[in-house]
> 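My structure is below; once you've seen it, I'll send some questions.
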Amino acid sequence: MALDLSLLNPQQKKAVLQTEGPLLVLAGAGSGKTRVIAHRVVHLIDQGVPARAILAVTFTNKAAAEMKERIIKLAGARERTRGLTVSTFHAFGVRIIREQHERLGLPAKFAILDSGDQAALVKRLLRDVKIDDKRFDVPRLVAILSRLRMSGIPGHPDEEYELAASELLPRYQLGLRAMGATDFDDLLLLPLRIFREAPEVLQNYQKRYRYLLVDEYQDTNEPQLQLLELLAGLRRNLCVVGDDDQSIYAWRGAQVRHILQFDKKYPGCVEVFLEQNYRSNGNILEAANAVIGKNPGRKPKKLWTAGGPGPNIRLVCAPDDAAEAKHVADEIIRLAYEEKIPPREIAILYRTNAQARPFEEALRLAGVRYRVVGGTSLFDRKEVRDLIAYLRAALNPRDEVALLRIVNVPARGIGDATVARAQELARARKATVWDVFCSAPPELGHAAERIAEFVAVLRSYGEKLSQRGFSEAARALVEEVGLFEEARRGAQSLAAQARRIEALESLLRQLIDYEKREEQKLAEKLAAGPQADLAADPADDDDDGFASGLPGYLMRLALDSKDADGDGGDVVTLMTLHGAKGLEWRCVFLAGLEEGLLPHSGRGFDDASGEPQADGAINLEEERRLCYVGLTRARERLILTRATERVKRGKPLPRTPSRFLEDIPAGLLDVIDLAGPQAESAKEVQQVKAKSFFAAMGALLDDPGDPQP
DNA sequence: ACCGGTTTTATTTTT
DNA sequence: TAAAACCGGT
């Protein structure tokens, strides 16, 4: 059965059929990019390319999962896609490192440090070098370390932070190695190193991955670019899809240059422009075009739609952030009631995570169910991080960040002094702290006994956690070391206690679910196809190359968008503009269209200190693209909001409208001023609405069920 | 080690 | 303003 291409437009078709050689697909927002990639993959398979020879790379796990799902659906049978790799750059890096871990001197179940862990490591290193760690903002040092490694570009060489970072860098890398751990950057840099130092290894991967696809190519940084170049080799079957107008990760090292100069790097490449938009109403598109049109140096393109203009875009001016949030909440209820737009089709987007607060409050008050994506989550809670540290330390006691985090949690009489002495000893003996703990030397005094106990516990669970039934073992560990009691201890209120316990329970539940699912998958595979396992190497079927069991869970945890539990349910979505890229809703609220917030400025807007921005002036072009991304998320309705005053740092601050608003043709906008002359009557209207609201909710409840609290 | 109260300080975006 | 860091008393 051949793939049906009749639903594609001519440009899309071209992008699908041009299978050989370098191909650049410039895909405007909503131009059917995902669909093209999915069709392309299935077309390749139709042409007889084995699925395992195809590698598709995305930037987020969510995007990868979605892509895979679409491909399977399109292919008609999961079987046909077996062996296909769809993953993020970072997950792909994990896979390579895992396959080559011996070459790198890493354990098979190496840890992946998140930024919190990195900060802990850097803090320790600062103390080692006898620099008072108070003088430095450690997260900033971590950021500079990352930039140094990823781009090799030293910043202002005279700055004390740059200096400290470059001095710290070798120690940092040695520290990681000694711990048998990696960080995010390593996931790209180590594979790159392997490919460079061991050409025969590279050849193996080149031989396997004959067709490469990259989504969101405008977001690639230098190491990613090089990784692709090496993998593509002389064959150059590299198809990149992206949109220079949606490049919003320059601060992470991404270079728009990469997509703009693809044709220079790959001469003879074919270029395809996808400019027909299938997503948004005409008015929304026109506004978005107007805003992005102001950016210089773009690949010129203009999105168009065959659909109608739709309703005007609305601009709401609220007196403050609370009013802004309340209006949005009221409006969401109205949309649900009058226009029957379900919550899952509505999103509230903003520039900074901090903006979510007022919206959460207003929505809760209004009884609207919602979900905040990103920001702080289950895994930012102290008790959960402690538990994870226990799991990590038990699996790999060399992981010193984890080990030192929990060595005295709950308090077991191994205090700061003892730990410091152990670290000294470790340094003197060129061993790890764990080794010192194990040998329990007399230097550690009467704490030695407690240390021996601690070592024994970690040892015994290290085994249990490596085997089947690890989720049970995790619970036993929690109980044995008394993490529940520990969670109860410091809590201010009973409610806080309950929240902490619940957080721990929630993680334990996740572990159980995870293990169950894994066992299920294994059973299915054994039942379904013994023949599938014959030809392929294990990494093939292990569809993403992660380890199995708890180590695999921890790796995923480090990489996955820590989206709390459950993404299901018919609820309103709240997230940052960065998180929103690639997604769409019928109705989008874009909040905080104000100077300093949407063109975001790093230095405070009220400050007179005139401190120079660390990394050059604000990136206005990128801020504009960010705005463009936000505008183009909406299918039918777009509501922009701003506040005339915002409480910042205790004191209220007057706010001016975003300059991007001026670029939107006035004819497309309906302006509503909540503080204007009609504010009183508007308020009354609101009140009337509020009264009818409960009736409305009642009606909703009676309708095909969506449960509201 | 732990507690309670006081003082400081923070403000982008994320794999 | 609110959360984190800090401090000094048990």
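Only heavy atoms go into these numbers, but all of them, side chains included; no hydrogens, no water, no symmetry mates. Residue numbers begin at 1 in each chain, while the letters A, B, ... track the order of the sequences. Just so you know, these numbers come straight off a predicted model, no measurement behind them.
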> Are A:N61 and B:dT15 close enough that a side-chain N or O sits under 4.0 Å from OP1 or OP2?
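Answer is no, no contact under 4.0 Å.
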
> Pull out every stem in DNA chain B, meaning runs of 3 or more consecutive Watson-Crick or G-U wobble pairs with both distances under 3.5 Å.
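Detected stem regions: B:1-10 with C:1-10.
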
> With sequence neighbours left out, what residues match A:Y350 under ring-ring contact (aromatic ring centres under 6.0 Å, His included)?
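Once residues adjacent in sequence are excluded, A:Y350 has no partner under the ring-ring contact (aromatic ring centres under 6.0 Å, His included) criterion.
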
> Does A:Y370 have any ring-ring contact (aromatic ring centres under 6.0 Å, His included) partners at least two apart in sequence or in another chain, and if so, which?
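Applying ring-ring contact (aromatic ring centres under 6.0 Å, His included) to A:Y370 gives none.
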
> List the residues meeting side chain to side chain contact (heavy atoms under 4.5 Å, CB included) with A:A254, not counting sequence neighbours, and say none if there are none.
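Partners of A:A254 by the side chain to side chain contact (heavy atoms under 4.5 Å, CB included) criterion, ordered by chain and then number, come out as A:Y249.
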
> Is A:N619 near enough to B:dT12 that one of its side-chain N or O atoms lies under 4.0 angstrom from OP1 or OP2?
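No, outside the criterion.
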
> I'd like to check, for A:H600, whether its ring lies over the base of B:dT12 with centroids under 5.5 Å apart and a plane angle smaller than 30°.
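So A:H600 counts as stacking on the base.
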
> For B:dT11, does OP1 or OP2 lie under 4.0 Å from any side-chain N or O of A:N353?
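Negative; the distance criterion is not met.
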
> My understanding is that only residues two or more places apart in sequence, or in another chain, count here; which of them pass side chain to side chain contact (heavy atoms under 4.5 Å, CB included) with A:Q226?
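Side chain to side chain contact (heavy atoms under 4.5 Å, CB included) check on A:Q226 returns A:L192, A:R196, A:E222.
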
> With respect to the side chain of A:N408, which nucleotide from B:dA1, B:dT13, B:dT15 is positioned closest?
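Ranking B:dA1, B:dT13, B:dT15 by closest atom to the A:N408 side chain puts B:dA1 first.
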
> Would you measure the distance from the C1' atom in C:dA4 across to the matching atom in B:dT11 and give it in whole Å?
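It works out to 14 Å between them.
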
> Look at the side chain of A:T352 and decide which nucleotide, out of B:dT14, C:dA3, B:dT13, has an atom nearest to it.
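From the listed options, B:dT13 comes nearest.
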
> Taking only residues two or more places apart in sequence or in another chain, which ones pass side chain to side chain contact (heavy atoms under 4.5 Å, CB included) with A:T60?
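Result, side chain to side chain contact (heavy atoms under 4.5 Å, CB included) vs A:T60: A:K62, A:A63.
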
